[in-house]
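Here's the structure, in structure tokens; my notes come after.
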Amino acid sequence: MSERHRLVVGNWKMHETAGQAENLARAVLAALPPLDARAHSEVVLAPPFTALAAVHAVVADSVVALGAQNMHWGESGAYTGEISAPMLLDLGVRYVILGHSERRRYFHESDEEINRKVRAALSHGLMPIVAVGETADERDTGMTDARVVAQTSAALDGVEPANLARLALAYEPVWAIGTGRNCPPAEADRVMGCIRGTLPGLEHTRILYGGSVTPANFASYLACENCDGGLIGGASLDANAFVQLAILALAA
Ligand code: PGA
């Protein structure tokens with residue numbers, strides 16, 4: 001039996017103004033049954049930067065933690081438009097999603113930049129949630145395993161083995177994100193096993209599945225040996241659906 005605690009993360013992407021985010025966070029908290037603190041399972045909301053303070057005001061002192069969707073690797077400096085780890089910590093953020101495929105694809109984030117961000121997040125005590133996954137073309141050409149292993153080892157380059165349990169990985173096949181075409185759970189489990197095998201020490205690291213997760217399919221992922229939770233996009237914008245996912249994860 002794994003000792004890894006479940007983790008469910010709602011990635012709100014570029015949705016919700018501060019006021020809307022506050023309402024959504026309130027709705028999540030209102031629907032969430034009392035959680036057993038001894039379970040040590042984690043539920044995280046990751047709103048846009050502009051809504052972090054509003055959501056923090058709602059979730060502070062609750063079992064729900066705050067996450068960001070990106071950060072810069074520097075402490076401060078001439079990086080117009082960027083946000084640093086100390087700025088996130090100041091807003092009560094504890095988790096940060098790094099290397100999401102939308103960041104890689106639309107903002108050309110490289111493996112090397114993602115690695116710098118992972119190391120910076122760890123050095124500030126933030127928990128990185130590092131996303132990896134193949135495109136449809138890579139899957140069709142038999143490159144899936146090589147791609148996720150390369151992304152994982154690049155993202156974790158130079159990370160102390162003792163820090164591997166202080167980060168989480170998310171397997172998010174790019175073709176499954178926001179498409180309604182979720183990866184069959186057995187195949188997702190196989191790829192998550194491959195990710196776990198990238199480095200010694202990853203047996204203690206949480207690996208999440210992400211890509212068209214819904215309350216109807218999530219239990220099949222949670223039943224997989226290598227799956228420790230979910231990184232949820234679309235379904236996290238619906239308080240009731242997200243709470244159903246959290247309940248499934250905490251019960252599994
Ligand atoms: P989705 O997004 O659940 O809408 O597919 C997942 C993600 O991008 O993290």
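Just follow the structure's listing: the first ligand is 1, and inside any ligand the first atom is 1. Computation of the quantities below employed the complete heavy-atom set of this structure, encompassing side-chain atoms and omitting hydrogens, waters and symmetry-equivalent molecules.
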Exercise for the section: In plain terms, say whether Arg116 and Glu113 are close enough for a salt bridge, that is, a side-chain N and a carboxylate O under 4.0 Å apart. Expected result: no

Practice task
For the residue pair Tyr209 and Tyr221, categorise the inter-ring angle as parallel (less than 30°), tilted (30 to 60°) or perpendicular (more than 60°).
Solution key: parallel

Fill in the blank from the handout: With Arg147 as partner, the option from Glu134, Glu172, Glu138 fulfilling salt bridge (charged side-chain N to carboxylate O under 4.0 Å, His left out) is Glu138

Problem - Short N or O distance, Ile177 and ligand 1, threshold 3.5 Å exclusive - result: no

Practice task
May I ask whether Gly211 has any heavy atom positioned less than 4.0 angstrom from an atom of ligand 1?
Solution key: yes

Practice task
Using a 4.0 Å heavy-atom cut-off, say whether Asn11 meets ligand 1 through its side chain, its backbone, both or neither.
Solution key: side chain

Exercise for the section: Check whether any side-chain heavy atom of Val96 lies under 4.5 Å from a side-chain heavy atom of Met127, and answer yes or no. Expected result: no

Handout entry: His100-ligand 1 polar pair, N/O distance under 3.5 Å
Key = yes

Exercise for the section: Any atoms of ligand 1 less than 4.0 Å from a non-hydrogen atom of Gly234? List them with their elements. Expected result: 1 (P), 3 (O), 4 (O)

Handout entry: Electrostatic pair Lys13:Glu102 at N-O distance under 4.0 angstrom
Key = yes

Completion exercise
Per-atom filter on ligand 1: closer than 4.0 angstrom to a heavy atom of Ser212 are 1 (P), 3 (O), 5 (O)

Exercise for the section: Around atom 3 (O) of ligand 1, find the nearest protein heavy atom and jot down its residue, atom name and distance. Expected result: Gly233 N, 2.9 Å

Practice task
Measure from the side-chain N and O atoms of Asp228 to the backbone N and O of Ile207, and report whether any donor-acceptor pair falls under 3.5 Å.
Solution key: yes

Exercise for the section: Verify, without hydrogens or angle tests, whether Arg196 (side chain) and Gly201 (backbone) share a donor-acceptor contact under 3.5 angstrom. Expected result: no

Exercise for the section: Check ligand 1 against Gly178 and write out every atom of the ligand that is under 4.0 Å from a heavy-atom position of the residue. Expected result: 1 (P), 4 (O), 5 (O)

Fill in the blank from the handout: Atoms of ligand 1 under 4.0 Å from any heavy atom of Glu172, numbered from 1 in the order shown, are 6 (C), 7 (C), 8 (O), 9 (O)

Exercise for the section: Take every heavy atom of Gly210, measure it against each atom of ligand 1, and state whether any distance is under 4.0 Å. Expected result: no

